[in-house]
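So the structure is just underneath, and the comments pick up after that.
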Amino acid sequence: MSNVPGDRKYTKDHEWAKAEGQVIKVGITDYAQGHLGDVVMVELPRVGQVVAAHKTFGTVESPKSVSDLFSPVSGTVTAVNDALDASPEKVNADCYGEGWICAITVADSSEYDGLMDAAAYEALIASLDA
Amino acid sequence: MSSIATQGLQFREPLIFERSSPGRVASSLPRSATTAPGNVALPEGLLRKKAPRWPEVSEPEAVRHFIRLSQQNYGIDTGFFPLGSCTMKYNPKINEDVARMEGFADLHPMAPESWIQGALSLYWELERYLAEITGFSAVTLQPAAGAHGEYTGMALIRAYLMHTEGKPRTKVLVPDTAHGTNPATLAMLGYETVTLKSSDRGVVLPEDVLAAMNEDIAGIMMTNPNTLGLFEENVKEVADIVHAKGGLVYCDGANMNALLGRARPGDMGVDAMHLNLHKTFSTPHGGGGPGSGPVCVHDRLAPYLPIPRVEKDGSTFRLVSDKPLTIGRVKAYLGNFGMHVRAYTYIRELGREGLKLAGEMAVLNANYLRVKLAERYHVVHDRACMHEVVLTDKLQKKAADIETRDIAKGLIDRGFHPPTTYFPICVQNALMIEPTETESKETLDRFVEAMFDIDAESKVDPQRLKTAPHLPLVGRLDETRAVRKPILRWRPVETPTAGQ
């Protein structure tokens with residue numbers, strides 16, 4: 001069973017988002033990394049890049065596939081996890097911690113508030129595996 | 001009977017450079033230019049200081065090296081090749097006979113028209129055969145392969161919109177069951193891809209196209225049958241919706257082998273489509289030869305076709321380039337002519353009834369596998385399919401944590417090349433199987449037996465499957481490490497005498 005921590009929000013595209021004030025940290029979920037298999041490359045957004053909710057801002061690649069990363073919220077990328085360039089395996093080893101992908105600064109948090117909570121996301125992945 | 005794989009006299013073959021022994025030769029070389037008497041007329045700066053580091057081996061060593069490598073190859077002439085969506089079809093040997101006829105094989109591409117009337121007549125006739133098979137009025141044989149055909153076809157649509165509307169529009173609809181080259185084609189032409197999600201039935205729904213279609217959209221690229229092996233049953237309705245807003249309909253006809261003699265995209269509202277001669281008309285594929293991706297269109301796109309056009313004037317064939325609306329050339333000379341000869345031969349060999357039977361057998365074989373394999377595997381859309389069927393690892397994953405990759409590797413130990421895996425990407429952990437029309441019921445039954453054996457092994461010894469294959473010279477490769485830490489070139493071990 002996939003790990004779904006209760007301290008953050010989720011999207012149907014299997015990303016997590018965690019607010020620290022106006023800054024939303026973003027990564028992919030345990031369910032996503034498990035299905036992708038070994039992550040071999042993460043194409044990160046640029047710092048300063050303006051991203052829109054539900055639009056792609058990067059990709060994550062495994063031997064099986066290249067998958068788009070969709071931004072959970074609209075805002076400006078203010079930090080990216082450069083460590084993934086050399087060590088993409090962090091996404092597999094610690095997707096909710098050291099495997100984070102980027103941080104997006106938002107103007108208002110209403111989009112964030114509208115994302116799924118842990119219970120809703122758990123129900124989603126249970127239905128997908130049914 | 002279940003396995004035909006054995007490990008007889010197979011050799012681990014090193015690189016030929018590693019077989020090298022200083023001074024050993026396979027043939028007598030002429031004297032070096034640097035020591036030849038007289039002026040060899042090469043400027044000083046162009047002469048080598050040192051001999052190149054070629055492998056130094058005897059003739060039998062060279063012969064054995066390459067023969068052994070060729071024995072490690074696996075192809076359609078070795079055994080069953082169930083690669084879906086990338087049709088690996090048997091290439092009849094008569095195609096090769098005909099392509100090797102002097103009049104075809106030794107043609108010079110710059111030979112004048114009057115010398116190549118026979119070749120031009122074949123070219124002209126093949127265009128007409130393809131037009132009749134697909135239901136269109138004009139064809140270009142120039143594009144070098146399928147994706148090049150897509151590019152050419154969409155370039156025609158772009159040129160048409162430029163000409164009739166003054167601008168090419170900006171976006172194109174592409175269902176998520178299309179071939180991956182479709183969005184790439186659009187990017188090259190400056191179009192933005194709008195992805196359409198396919199329905200629960202695995203096909204495009206008219207209401208989704210209606211909702212997405214507007215005057216900024218140049219049209220839709222539909223793969224039909226799509227990459228789930230399903231016929232896009234709403235294609236006519238979709239075409240009407242797109243046409244109503246001034247858009248055009250492109251059909252990726254890579255999977256035309258399923259429709260041969262039964263249905264024609266040109267009758268379904270499609271404006272342009274390409275064919276892959278290697279998929280539908282049995283020309284070699286991949287390393288076996290260059291591709292060919294003819295594009296078929298209706299009259300309204302015909303003025304834009306690439307030049308030169310081959311035209312018939314009485315009993316004479318001429319190359320005509322005076323076409324003011326043409327998009328220009330897309331390939332040197334007439335395209336990959338050797339492939340046209342092979343496809344022409346295939347069509348003439350099978351004839352009208354034979355082509356229809358080939359299409360029917362391809363569909364029957366895929367459905368036979370679908371029904372059989374559904375006993376032990378999850379079939380994504382368990383209803384009549386076209387030329388290919390898509391399974392997943394759902395049942396094995398749940399029961400024994402066995403994934404698509406393990407099933408594919410397990411097939412190698414049972415004497416079969418794996419099918420396409422992890423594609424189409426709209427299906428989680430897909431296994432896509434396309435038997436093609438040439439496989440006998442006995443071969444298909446052995447394949448089913450191998451798949452059942454894998455399912456059985458997943459229950460009793462999953463670890464063996466997770467580490468498969470065990471029989472080939474090279475076992476399971478570490479794909480992750482290969483991508484994360486690739487070794488991109490071989491370096492010689494320096495020895496004091498090497499290269500002297």
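In what follows, chains carry the letters A, B, and so on, assigned in the order in which the sequence lines appear, proteins first and then strands, with residues in each chain numbered from 1.
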- Within residues 6-43 of chain A, which positions have a heavy-atom distance to chain B below 4.5 Å? A:H35, A:D38, A:V39, A:V40
- Do any of residues 76-95 of chain A have a heavy atom less than 4.5 Å from a heavy atom of chain B, and if so, which, in residue order? A:P88, A:E89, A:N92
Decide, yes or no, whether a salt bridge links [X] with [Y] under the criterion of side-chain N to carboxylate O below 4.0 Å.
X      : Y      : answer
B:D478 : B:R481 : yes
B:K466 : B:D401 : yes
B:R476 : B:D406 : yes

- Message: Is it the case that atom CD1 in B:I425 sees more than 12 heavy atoms from other parts of the structure closer than 6.0 Å?
- Response: no
- Query: Are there more than 12 heavy atoms of other residues, nucleotides or ligands under 6.0 Å from atom CG of A:D113?
  - Reply: yes
- Message: Shorter than 4.5 Å, heavy atoms on both sides: which option in B:T480, B:T421, B:N429 has the most such pairs with chain A?
- Response: B:T480
- For chain A, which of B:R405, B:K397, B:E479 has the most heavy-atom pairs under 4.5 Å? B:R405
Verify the distance criterion only: is there a donor paired with an acceptor across the side chains of [X] and [Y] at less than 3.5 Å?
X      : Y      : value
B:N255 : B:N224 : no
B:H470 : B:D413 : no
A:D68  : A:T59  : no

- Task: For A:K64 and B:E403, run salt bridge (Lys or Arg N to Asp or Glu O under 4.0 Å): C-alpha distance rounded to whole Å, both residues' side-chain angles, the deciding distance at 0.1 Å, then the answer.
- Result: CA-CA 11 Å; A:K64 287 189 219 172; B:E403 290 217 24; 3.3 Å; yes
- Query: Would you say the side-chain atoms of B:N226 pair up with the backbone N or O of B:G202, donor to acceptor, closer than 3.5 Å?
  - Reply: yes
